[in-house]
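Inspection log for the structure reproduced underneath, given as structure tokens.
What you see below is based on every heavy atom in this structure, not just the backbone, and it leaves out hydrogens, waters and symmetry mates.
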Amino acid sequence: AAVDAYGKVVAEYPGSSLVDDSLWNIGWCHIKLKDKAGGKSAFQRLLNEHQDSPLAGSARFWIGVIYERMEEWQKAADTYKEVMGNNAWYYSDRAKRRLEQLGKRGKISADAALIQYKKLRIDESVPAWQNINTPLSARIENLLALRVFDDAIGELLTDRKSVV
């Protein structure tokens with residue numbers, strides 16, 4: 001029933017900001033139903049049609065898991081390497097662990113399992129880091145001291161936007 005409901009969102013509201021989320025949920029439902037082909041299809045569609053979605057990294061990771069379940073070891077390994085190369089930090093770590101396990105279990109060569117993350121270059125040329133040493137306002141300092149973190153973050157983001 002959930003797959004059908006999410007499918008209606010995708011079909012009836014193709015321009016909606018909820019389509020990528022619906023496709024992800026369709027993929028996840030298929031995984032829970034042990035329908036590998038359905039899950040792979042939904043996640044692949046998400047990647048094809050919504051490359052910039054915040055869910056793309058997780059969709060790619062779960063395609064790797066599906067390849068493992070289909071015993072397509074090299075496709076799983078290649079997919080995990082792709083996840084690691086796309087800076088989806090949480091899923092990059094999970095992909096690296098899955099890749100290492102494939103090597104340990106002899107499903108891929110040990111050499112193929114050795115891979116490092118892409119290193120993110122952070123210096124003053126990256127706009128978000130240009131004002132990193134700017135002191136915090138008294139208001140933000142007070143909110144942090146009071147442990148009102150949500151408000152402090154909101155103030156910090158507003159403060160940083162006005163500087164950049």
Which donor-acceptor pairs under 3.5 Å do the side chains of residues 3-16 make with protein atoms, sequence neighbours left out?
| from | atom 1 | to | atom 2 | distance (Å) |
| --- | --- | --- | --- | --- |
| Ser16 | OG | Leu18 | N | 2.9 |

[X] versus [Y], closest heavy-atom pair with distance:
| X | Y | answer |
| --- | --- | --- |
| Glu82 | Arg60 | OE2-NE, 3.0 Å |
| Ala42 | Gly27 | CB-N, 3.5 Å |
| Gln74 | Ile108 | OE1-CG2, 4.1 Å |
| Ser92 | Val83 | OG-O, 3.4 Å |

Mind checking what makes side-chain hydrogen bond (donor to acceptor under 3.5 Å, both in side chains) contact with [X], not counting sequence neighbours?
| X | answer |
| --- | --- |
| Asp151 | none |
| Ser53 | Asp20 |
| Trp24 | Ser58 |
| Asn142 | none |

Applying a strict under-4.5 Å side-chain criterion to I, L, V, M, F, W and Y, I'd like to know whether Met84 and Tyr90 cluster together.
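Same hydrophobic cluster.
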Let me see the working for Ile31 and Phe43 under side chain to side chain contact (heavy atoms under 4.5 Å, CB included), right down to the final yes or no.
CA-CA 10 Å; Ile31 283 178; Phe43 289 135; 3.5 Å; yes
For residues 61-75, pull every pair meeting salt bridge (charged side-chain N to carboxylate O under 4.0 Å, His left out), keeping only residues two or more places apart or in separate chains.
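Passing the test, one end in residues 61-75: Glu68-Arg98, Glu68-Arg105, Glu72-Lys75.
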Could you measure the distance from the [atom1] atom of [X] to the [atom2] atom of [Y]? Nearest 0.5 Å is fine.
| X | Y | atom1 | atom2 | answer |
| --- | --- | --- | --- | --- |
| Lys36 | Ile63 | NZ | CD1 | 15.0 Å |
| His30 | Ile66 | NE2 | CD1 | 9.5 Å |
| Leu102 | Tyr80 | CG | OH | 6.5 Å |
| Gln51 | Leu46 | CD | CG | 9.5 Å |
| His50 | Asp21 | NE2 | CG | 10.5 Å |
| Glu141 | Leu136 | CD | CG | 4.5 Å |

Report the residues that fulfil salt bridge (Lys or Arg N to Asp or Glu O under 4.0 Å) with Glu49, sequence neighbours left out, ordered by chain and then residue number.
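Result, salt bridge (Lys or Arg N to Asp or Glu O under 4.0 Å) vs Glu49: Arg45.
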Would you call the rings of Trp62 and Trp28 parallel, tilted or perpendicular if under 30° counts as parallel and over 60° as perpendicular?
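Aromatic pair Trp62/Trp28 classed perpendicular.
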